[in-house]
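This report refers to the structure that appears directly beneath it.
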2 protein chains.
Amino acid sequence: MKLSNKGRYAVMALADLAKFESNKPISLRDISLRQGISLLYLEQIFLKLKKNKIVVSARGINGGYSLNKEANEIKISDVLNAVDEKVKTIGCSKDSKKGCNGKLAKCITHNLWDELELHINDFFNKKNLGDLIKGKNENTI
Amino acid sequence: MKLSNKGRYAVMALADLAKFESNKPISLRDISLRQGISLLYLEQIFLKLKKNKIVVSARGINGGYSLNKEANEIKISDVLNAVDEKVKTIGCSKDSKKGCNGKLAKCITHNLWDELELHINDFFNKKNLGDLIKGKNENTI
DNA sequence: AATATACTTGACTAAAATAGTCGGGTATAT
DNA sequence: ATATACCCGACTATTTTAGTCAAGTATATT
C-alpha cells in the first residue's frame, strides 16, 4: 500500500513554482535542477497540469510555466487529480447496484474503505499550495 | 494511487471468521466460498496472520482457523501490518538525517505526506474487527 | 491402519501500475 | 537564423500485486 511518486513530484514542482514565482515564467530545466526530478518526467507531468489549467505555459526562449491562480487557491487535491492520482481505496465494485467480489451484496469492509477514501480526499481538499510554502525554511528544498 | 487488495482480503476474511465464529475452527474453504476469494490466496494470507498471532490454526479434518483474540481487540492496523500492508506515503528517504531526491534537505512536501500517513494510520488504529461486524446486516456478505 | 481433509511452505508466474526515456516535433525571444 | 523550451505520443524497464503450483505435514474419522 504505497502512494505513488508522480503526485508528489507534481506537488513539489508546483511548490517550487510558487516559491520562486516572479513576473517571468520558470523553466522546467530550473525546476528539474532544483528539485532533482528528471526533466523529461517533469514535461509529462506539466502537460497534464496545463491541460487542467493549474499552470500556464510560455514558449520559446525565456519561456516556462507560471501558476494559473494564487498558490493558496490551488488545492492539493486539484493537483493530484490533474495528474491522475485519484485515491482509490477499493478494488470491489464502486457501482452501488452491484456487490463486491462477484457477489450480490456489498462486502463487509466496503464502508471501511469508503470512509478512508473520504478521509484522505478531505485531507487533500483542505490543504493548498500556499500552506506548503508558508512553512518554508532553510531546511527545505 | 491505489490501496491494494491483499489487506482488504485479510480484513474480509477475518471479519468472516468473527461473524461465523463458534467453538469450532473455520476452514479456509468455507471462507473462500462465502467471500469469493481464491483459496490458494487465502492460504498465503493466513500464514502471515498466523505468524503475527492474529489467528490460531487447527490441522486435519475439521481443522481451520480461529481468532486469537476477541474481535474488538483486533485493530485493523494489526491486520494490515500482519500482511505487510503498511501505508507508505513517501518515496523520499524516511531517514531524517538524509534529504529527499538525493538532495541534502527535506523536500517541501515531506511533512505533507508524513501528516497524511499519520492520518491514515490513526484511522486504522481506531477501528477494530468488532466495529465491522457490529454493523452487519442482510445487505452485507 | 487408511484416508480424506485442511493447514504449511516456498517458489513460481502473470498482470498491472509506475517511473522514466526517446524521438521528433512547434513556437518564440533574441 | 538559432537556441531555448514547451509539446506530444509512443515506448521500455522496473516494481508491485495478485494469484497459482507443487509437494508436503498433521490429525480426526472410519
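The analysis underlying the following values was restricted to heavy atoms, covering all of them including side chains, and did not include hydrogens, waters or symmetry mates. Chain letters run A, B, ... following the sequence lines, proteins first and then strands; every chain starts at 1.
Per the geometry, CG belonging to A:Asp30 stands 13 Å off P belonging to D:dT4, to the nearest Å. If you take CG of B:Asn5 and P of C:dA15, they are 17 Å apart, rounded to a whole angstrom. Computed from coordinates, the A:Lys51 NZ to D:dC6 C1' distance equals 13 Å when rounded to whole Å. Look at CD1 on B:Ile31: it is 12 Å from C1' on C:dC7, rounded to the nearest Å. Taking atom CD1 of residue B:Ile45 and atom C1' of nucleotide C:dT9, one finds them 16 Å apart after rounding to whole Å. For the pair A:Lys48 NZ and C:dA19 P, the interatomic distance rounds to 11 Å; values are reported in whole Å. For A:Leu42 and D:dC6, the CG to P distance is 10 Å, given to the nearest whole Å. In this entry the distance linking CD1 of A:Ile37 with C1' of C:dT21 reads 16 Å, nearest Å.
Pairs passing the salt bridge (charged side-chain N to carboxylate O under 4.0 Å, His left out) check and including a residue from residues 38-50 of chain A, sequence neighbours excluded, read A:Lys48-A:Asp84. Residue pairs that meet the ring pair (Phe, Tyr, Trp, His ring centres under 6.0 Å) test with at least one member in residues 49-88 of chain A, sequence neighbours left out, are A:Phe46-A:Tyr65.
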Which atom pairs link the protein and nucleotides 20-23 of chain D when you take only N or O atoms and keep those under 3.5 Å?
unit_1 : atom_1 : unit_2  : atom_2 : d
D:dT20 : OP2    : B:Ser38 : OG     : 2.7
D:dT20 : O4     : B:Gln44 : NE2    : 2.8

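Salt bridge present: B:Asp131 and B:Lys134 bring a charged side-chain N and a carboxylate O closer than 4.0 Å.
Between B:Lys50 and the phosphate of C:dC7, there is no side-chain N or O to OP1/OP2 separation shorter than 4.0 Å. Between A:Ser27 and D:dC6, a side-chain N or O to OP1/OP2 separation shorter than 4.0 Å is absent. OP1 and OP2 of D:dT17 both lie 4.0 Å or more from every side-chain N or O belonging to B:Tyr9.
Each of B:Leu47 and A:Lys24 was matched to the nucleotide of DNA chain C holding its nearest heavy atom; the match closer to the 5' end belongs to B:Leu47. Nucleotides of DNA chain D nearest to B:Ala58 and A:Ser57 differ in position, and the one nearer the 5' end is that of A:Ser57.
The minimum heavy-atom distance between B:Lys6 and B:Val83, with the atom names listed, is CE-O, 3.8 Å.
With sequence neighbours excluded, the residues satisfying side-chain contact (heavy atoms from CB on, under 4.5 Å) with B:Asp30 are B:Ile26, B:Ser27, B:Arg34.
Within the 4.5 Å cutoff, the side chain of A:Leu42 has no heavy atoms near those of the A:Tyr9 side chain.
For the contact set between residues 59-67 of chain A and DNA chain C, defined by any heavy atom under 4.0 Å, the members are A:Arg59, A:Gly60, A:Ile61, A:Asn62.
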Per-pair distances, 0.1 Å, donor-acceptor, side chain in residues 67-74 of chain A, under 3.5 Å, sequence neighbours excluded:
unit_1  : atom_1 : unit_2  : atom_2 : d
A:Asn68 : ND2    : A:Lys53 : O      : 3.0

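Rounding to the nearest 0.5 Å gives a distance of 12.0 Å between NE2 of A:His110 and CD of A:Glu115.
Aromatic ring centres of A:Trp113 and B:Phe124 lie closer together than 6.0 Å.
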